Amino acid sequence: MVASIADLIAKGGVYTDVLGSTAEEVYRTLSKTVPLPLGMTTEVFYNALCEREKILTTAVGNGIALPHAQTPVLKNVDDECIAICYLQTPFSMGAADGRAVYVMFVLMTSSPQTHLAIISQLARYLQKPELREALERHASGEELISLLRKL
């Protein structure tokens with residue numbers, strides 16, 4: 001069973017003022033900021049995000065991106081998490097709506113099935129105006145988790 005989005009964010013954390021003016025720069029910052037599970041190096045994490053971004057943008061519109069590896073980077077389901085990263089400076093990632101990305105939900109999963117389930121849950125939540133409004137305000141981790149548990 002897939003953990004709730006709220007629980008995954010509680011594990012991954014919420015980061016503010018993340019530096020970078022390109023996806024690669026942000027991923028470099030994140031690889032040094034987000035706590036990685038035992039056995040994963042910052043280079044493996046960074047390269048996995050960059051390789052996926054080269055295939056197709058992970059920007060989904062409304063200023064939101066869902067960076068993730070093309071194949072699962074985790075071995076243990078207990079390490080799965082989502083890190084929310086508010087960017088210090090929004091930048092274009094080629095989203096269909098043309099909007100600059102200001103927040104990223106960085107997914108770390110252990111299986112393709114879990115990955116797809118999380119993406120599906122996030123897609124439903126991100127349609128909710130109250131969540132998008134909270135993200136626009138750069139809501140805290142506690143506020144986001146509380147809101148997600150109510151939705």
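What you are looking at is a predicted structure, and each value in this text was computed from that prediction instead of being measured.
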Original post:
Between His68 and Val106, is a side-chain contact (heavy atoms from CB on, under 4.5 Å) present by the stated rule, with each step listed?
Top reply: CA-CA 6 Å; His68 57 277; Val106 182; over 6 Å; no

Original post:
Looking at Ala59 and Val101, what are the two nearest heavy atoms and their distance?
Top reply: CB-CG2, 3.8 Å

Original post:
Do Lys54 and Glu51 meet the salt-bridge criterion of a basic N to acidic O distance under 4.0 Å?
Top reply: yes

**OP:** With rounding to the nearest 0.5 Å, note down the distance linking CG in Leu107 to CG in Leu122.
**Re:** 6.0 Å

Subject >> Val14 to Ala139 - nearest heavy-atom pair and separation >> reply: CG1-O, 4.4 Å

Original post:
Side chains of Glu43 and Ser31: is there a donor and an acceptor less than 3.5 Å apart?
Top reply: no

Original post:
Where is the tightest heavy-atom contact between Leu151 and Glu130, given as atom of each residue plus distance?
Top reply: CD2-OE2, 3.2 Å

Original post:
Can you tell me how far the CG atom of Leu135 sits from the NZ atom of Lys128, to the nearest 0.5 Å?
Top reply: 14.0 Å

Original post:
Side-chain contact, heavy-atom cut-off 4.5 Å: Thr29 with Glu25?
Top reply: no

Original post:
Has the side chain of Lys11 got a donor or acceptor atom that lies under 3.5 Å from a matching backbone atom of Ala83?
Top reply: no

Subject >> Distance (rounded to the nearest 0.5 Å) between Glu143 CD and Leu148 CG >> reply: 10.5 Å

Subject >> Verdict with reasoning, Ile5 to Ile82, per side-chain contact (heavy atoms from CB on, under 4.5 Å) >> reply: CA-CA 8 Å; Ile5 297 297; Ile82 298 171; 3.9 Å; yes

**OP:** Mind checking the CZ-CZ spacing from Phe45 to Arg28? Nearest 0.5 Å is all I need.
**Re:** 11.5 Å

Subject >> Closest contact, heavy atoms only, Val18 versus Cys85 >> reply: CG2-CB, 3.8 Å

Subject >> Spatial distance of atom CD1 (Ile9) from atom SG (Cys81) [nearest 0.5 Å] >> reply: 10.5 Å

Original post:
Within the distance-only criterion (no hydrogens, no angle test), does the side chain of Arg132 pair as donor or acceptor with the backbone N or O of Leu126 below 3.5 angstrom?
Top reply: yes

Original post:
Ala134 and Leu144: which non-hydrogen atoms are nearest, and at how many Å?
Top reply: CB-CD2, 4.0 Å

Subject >> Heavy-atom side-chain proximity of Thr42 to Leu36 below 4.5 angstrom >> reply: yes

Original post:
So, Ser110 and Glu80: side-chain donor and acceptor under 3.5 Å apart, yes or no?
Top reply: yes

**OP:** State, yes or no, whether a side-chain contact exists between Met104 and Leu87 at a heavy-atom distance under 4.5 Å.
**Re:** yes

**OP:** Report the C-alpha separation of Lys75 and Leu38 in whole Å, then their side-chain angles, then the decisive distance to 0.1 Å, and conclude whether the side-chain contact (heavy atoms from CB on, under 4.5 Å) test is met.
**Re:** CA-CA 10 Å; Lys75 292 180 176 33; Leu38 274 175; over 6 Å; no

Determine all donor-acceptor pairs shorter than 3.5 Å in which one atom belongs to a side chain in residues 93-100; sequence neighbours excluded.
from: Asp97; atom 1: OD1; to: Arg99; atom 2: N; distance (Å): 3.0
from: Asp97; atom 1: OD2; to: Asn62; atom 2: N; distance (Å): 2.6
from: Arg99; atom 1: NH1; to: Asn62; atom 2: O; distance (Å): 3.1
from: Arg99; atom 1: NH1; to: Glu136; atom 2: OE2; distance (Å): 3.0
from: Arg99; atom 1: NH2; to: Glu136; atom 2: OE1; distance (Å): 3.1
from: Arg99; atom 1: NH2; to: Glu136; atom 2: OE2; distance (Å): 2.5

Original post:
Is there a chain of hydrophobic side chains (I, L, V, M, F, W, Y, each step under 4.5 Å between heavy atoms) that links Leu19 to Leu30?
Top reply: no

Original post:
Tyr125, Leu116: one ILVMFWY side-chain cluster at the under-4.5 Å cut-off?
Top reply: no

Original post:
Does a sphere of radius 6.0 Å around CD1 in Ile55 hold more than 12 heavy atoms from other residues, nucleotides or ligands, not counting ones at 6.0 Å or beyond?
Top reply: yes

Original post:
Looking only at heavy atoms, what is the nearest atom pair of Tyr15 and Thr33, with distance?
Top reply: CD2-CG2, 3.7 Å

Original post:
How long is the gap from CG on Leu66 to OG1 on Thr58, to the nearest 0.5 Å?
Top reply: 6.5 Å

**OP:** Decide yes or no on side-chain contact (heavy atoms from CB on, under 4.5 Å) for Ile118 and Leu8, but give the supporting numbers first.
**Re:** CA-CA 9 Å; Ile118 290 169; Leu8 292 169; 3.5 Å; yes

Original post:
What pairs with Tyr86 under ring pair (Phe, Tyr, Trp, His ring centres under 6.0 Å), at least two apart in sequence or on another chain?
Top reply: His138

Original post:
Can a donor-acceptor pair be found between the side chains of Glu53 and Tyr27 at a distance below 3.5 Å?
Top reply: yes

